[in-house]
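Numbers here are sequence positions counted from 1. Just follow the structure's listing: the first ligand is 1, and inside any ligand the first atom is 1.
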Amino acid sequence: MSQQQPAQEQPTEPKYEIRMADDGMPVASSTFAENIDGVYWTWITIAIPFFLVVVGPMIYFALKYKRKSEDEKTHPLDHHLRLEVFWTFIPTVLVIYLFWVGFKAYADASVAPNGAYEIKVTGQMYNWTFEYPDGTITNELGIPKDKPVKLILSSSDVIHSFFIPEFRAKQDAVPGLYTSLWFQATREGTTAVECAEYCGDGHSRMLTTVEVLPSGPDDQQGTFENWLLNGGVKTPLPPVQLGEKKYNALCMSCHSLDGSRIQGPSFKGVFGRQEKLADGTTITVDENYIRNSILNPQGQIVEGYPPTMPAFGYLKDKDIEGIIAFLKEQK
Ligand code: CUA
């Protein structure tokens with residue numbers, strides 16, 4: 001770890017923050033979030049009293065009428081028509097009501113409005129990539145506030161699930177299939193994106209962020225349009241910081257910074273290190289080795305590690321140079 005980085009900003013523990021509301025739920029940051037919370041609280045409000053009404057007497061009767069001995073006669077109890085009609089009718093009405101409440105919220109959250117802004121999302125063990133209509137590719141999602149956004153999701157390996165808790169939006173990303181998800185963000189700021197489908201041992205680290213920016217002219221700093229024009233950053237970053245950002249989005253789930261082994265070799269002291277490769281040769285980790293390992297990971301595998309890293313061919317030279325600069329800092 002280099003000295004420039006204060007302890008609270010260690011890239012191994014990036015902040016994927018979810019803002020919390022007073023009711024213990026993440027704050028509602030999309031147009032349909034409150035609606036979905038409404039369904040949740042409706043169900044909870046009905047389910048808890050009914051649970052008590054059913055399970056309470058059940059336990060009481062089980063104890064009270066417990067058969068005392070082997071020869072005790074059981075009661076020849078018959079049915080009670082009025083009671084049975086009563087306890088069939090009320091639950092039926094309730095279940096229909098709960099279905100209606102849930103289905104309405106589900107339908108609203110499922111159908112994207114016409115003209116929504118489309119972004120392509122690809123899940124891959126263990127990161128997300130976002131492709132914008134102008135060709136920009138990022139690993140952190142940026143979206144305009146108060147505009148409907150439609151995501152077209154897919155996966156390049158196994159099933160992942162794209163989840164933004166603050167938006168109450170979740171959808172599977174499935175290989176060989178396109179799924180979609182829409183939302184309209186109502187609150188500026190940054191919040192966590194999680195993977196909600198177990199996809200491998202890097203699953204819990206398959207995290208990124210969504211930044212909600214005000215919409216405005218693309219020559220005005222701080223707008224979504226300006227962010228997109230700059231390739232997905234608010235202000236261009238110096239190489240080490242750009243590299244750290246890419247590390248957090250792409251490398252962190254498999255390469256540690258503290259020397260511990262995850263999927264791939266740790267990046268602690270990686271630059272200039274001698275590595276024994278699977279083919280028996282030994283190399284020194286330099287700029288070219290890092291670049292080749294990003295673009296063609298199967299080319300030179302370090303001995304003892306599985307050849308599972310995907311290629312990151314979409315990264316720009318600037319990104320790769322940033323990663324190299326960041327790795328040089330990992331002493
Ligand atoms: Cu991707 Cu879990």
Side-chain angles (χ1 to χ4, degrees), residues 11-20 25-26 29-30 33 36 109-110 118-132 136-143 149-183 185 190-212 232 244-257 260-267 293-294 297-298 305-315 319 323:
T12 40
E13 300 288 345
K15 284 204 97 176
Y16 295 103
E17 204 190 351
I18 299 172
R19 294 164 288 189
M20 298 304 283
M25 304 280 265
S29 307
S30 75
I36 287 175
S110 298
E118 279 190 20
I119 302 169
K120 208 177 160 296
V121 181
T122 307
Q124 180 179 46
M125 292 149 112
Y126 299 100
N127 59 73
W128 299 100
T129 46
F130 305 101
E131 192 178 342
Y132 290 79
T136 299
I137 295 177
T138 67
N139 301 110
E140 280 140 340
L141 184 60
I143 56 165
V149 171
K150 183 179 181 182
L151 304 181
I152 311 292
L153 299 118
S154 193
S155 166
S156 55
D157 38 49
V158 299
I159 300 177
H160 303 276
S161 180
F162 185 86
F163 180 30
I164 306 177
E166 278 194 23
F167 293 1
R168 313 295 189 267
K170 186 193 277 176
Q171 181 60 271
D172 278 5
V174 183
L177 185 75
Y178 294 109
T179 52
S180 72
L181 176 68
W182 86 277
F183 42 75
T190 304
T191 183
V193 176
E194 301 177 346
C195 179
E197 176 73 46
Y198 184 72
C199 52
D201 56 9
H203 160 72
S204 62
R205 295 185 299 274
M206 190 166 165
L207 295 159
T208 188
T209 53
V210 52
E211 184 169 12
V212 181
E244 180 178 350
K245 210 170 140 164
K246 290 289 159 191
Y247 169 82
N248 285 338
L250 298 175
C251 325
M252 183 187 69
S253 49
C254 299
H255 298 278
S256 78
L257 296 182
S260 61
R261 180 183 172 133
I262 316 176
Q263 316 262 331
S266 175
F267 285 164
S293 297
I294 293 169
Q298 316 306 331
Y305 287 91
T308 50
M309 177 167 155
F312 294 97
Y314 65 84
L315 286 178
D319 300 328
I323 294 170

Legend entry - Expected output: side-chain S155 to main-chain H160 donor-acceptor under 3.5 Å: no

Inset, instruction - State whether the side chain of E194 and the backbone N or O of P165 hold a donor-acceptor pair below 3.5 Å, judged by distance alone. - result: no

Only counting residues at least two apart or in another chain, list the ones meeting ring-ring contact (aromatic ring centres under 6.0 Å, His included) with [X].
X: Y132; value: W227
X: Y198; value: H203
X: Y126; value: none

Inset, instruction - Keeping waters out of it, list the protein N, O or S atoms under 2.8 Å from atom 2 (Cu) of ligand 1. - result: C195 SG, E197 O, C199 SG, H203 ND1

Inset, instruction - Please report the shortest heavy-atom distance between A169 and F163, naming the atom on each side. - result: O-CD1, 3.3 Å

